[in-house]
Every structure is written in structure tokens, then in C-alpha cells.
Amino acid sequence: MTDISSIDLSKFNTVNYLWPQMVDRLGLYKARGVFRESRDLQRMYGNEGTMPVIFEETCGLALAHIDLIRDQIGISCDGSYMVLVLSIPKMAIQLLKEI
């Protein structure tokens, strides 16, 4: 698990294409598996103040404090139902809501 507190998310652009790119690259079944693993990470090690993060290129996982997301991105969200997809090389983020 990676600590993303050292990443300045305010420099990232909010986009809508990271999840579709993951689905195209991995296939829907594997992409959904990564999403489920991120939610499992939240259930096992997170709390009401954290949100799971998926690194788009590697499918690595992390937990981020929702206060960090609110302060740096300006998005107030409930971490128990959201997942942040992050691409460091593309400087892009996408927020997904669990359905």
C-alpha cells in the first residue's frame, strides 16, 4: 500500500477518461476486479475518513484521507462509496462512485 500524502493533488486535472482507459487496457472483468480490491482495502484497513485510490498505470492501491482530497482538489465526498483513480504520468484524477 502506498502513501499518497506526499503527492500534491491540486496540480492534477480532473478527467473522465481514466476508468475507460483501464477497462480498454485490462478488460471489464479485470478492471472490476481492481475496483473490488480497492473497496476490500477500504473495508479492511480504512475508516470513514479514508478513500481507496487506484493507480491507473499499475493498478496499485492506496488509501487517501478524504480531508486531503477536499483540501487539495476541492471535492467534498464520502469515502465509503467513492474510489479515486490516479495517473501520475498524466497528472490526472477521476473520482468513481460505487454502484
In the structure I gave you, are the side-chain heavy atoms of [X] and [Y] within less than 4.5 Å of one another anywhere?
X: Lys90; Y: Gln21; answer: yes
X: Val85; Y: Leu96; answer: yes
X: Ile73; Y: Thr14; answer: yes
X: Leu86; Y: Ile54; answer: no
X: Pro52; Y: Leu61; answer: no

Discussion item. If the condition is salt bridge (Lys or Arg N to Asp or Glu O under 4.0 Å), which residues does Arg25 pass it with, not counting sequence neighbours?
Written reply: Glu56

Practice prompt. Dump the intermediate steps for side chain to side chain contact (heavy atoms under 4.5 Å, CB included) on Leu95 and Met51, then the final yes or no.
Written response: CA-CA 10 Å; Leu95 198 56; Met51 173 186 301; 3.7 Å; yes

Practice prompt. Quick one: do Leu63 and Leu41 satisfy side chain to side chain contact (heavy atoms under 4.5 Å, CB included)? Show the steps, please.
Written response: CA-CA 8 Å; Leu63 292 173; Leu41 180 69; 4.0 Å; yes

Worksheet item: Side chain of Glu57, backbone of Pro89: donor and acceptor closer than 3.5 Å?
Response: no

Discussion item. For Phe12 and Ile88: C-alpha separation, side-chain torsions, deciding distance, then whether side chain to side chain contact (heavy atoms under 4.5 Å, CB included) applies.
Written reply: CA-CA 8 Å; Phe12 285 64; Ile88 294 174; 4.3 Å; yes

Worksheet item: Can you tell me how far CG of Leu28 sits from CG of Asp24, rounded to the nearest 0.5 angstrom?
Response: 10.5 Å

Worksheet item: Which residues satisfy the side-chain hydrogen bond (donor to acceptor under 3.5 Å, both in side chains) test with Asp40, sequence neighbours excluded?
Response: Arg43

Item to complete: Could you tell me which residues satisfy side-chain hydrogen bond (donor to acceptor under 3.5 Å, both in side chains) with Asp71, sequence neighbours excluded, listed by chain and number?
Response: none

Item to complete: Following the transitive rule for hydrophobic clusters with a side-chain heavy-atom cut-off under 4.5 Å over Ile, Leu, Val, Met, Phe, Trp and Tyr, establish whether Val83 and Tyr29 coincide in one cluster.
Response: no

Item to complete: Show your working on side chain to side chain contact (heavy atoms under 4.5 Å, CB included) between Thr50 and Ile66 and close with a plain yes or no.
Response: CA-CA 5 Å; Thr50 60; Ile66 57 175; 6.0 Å; no

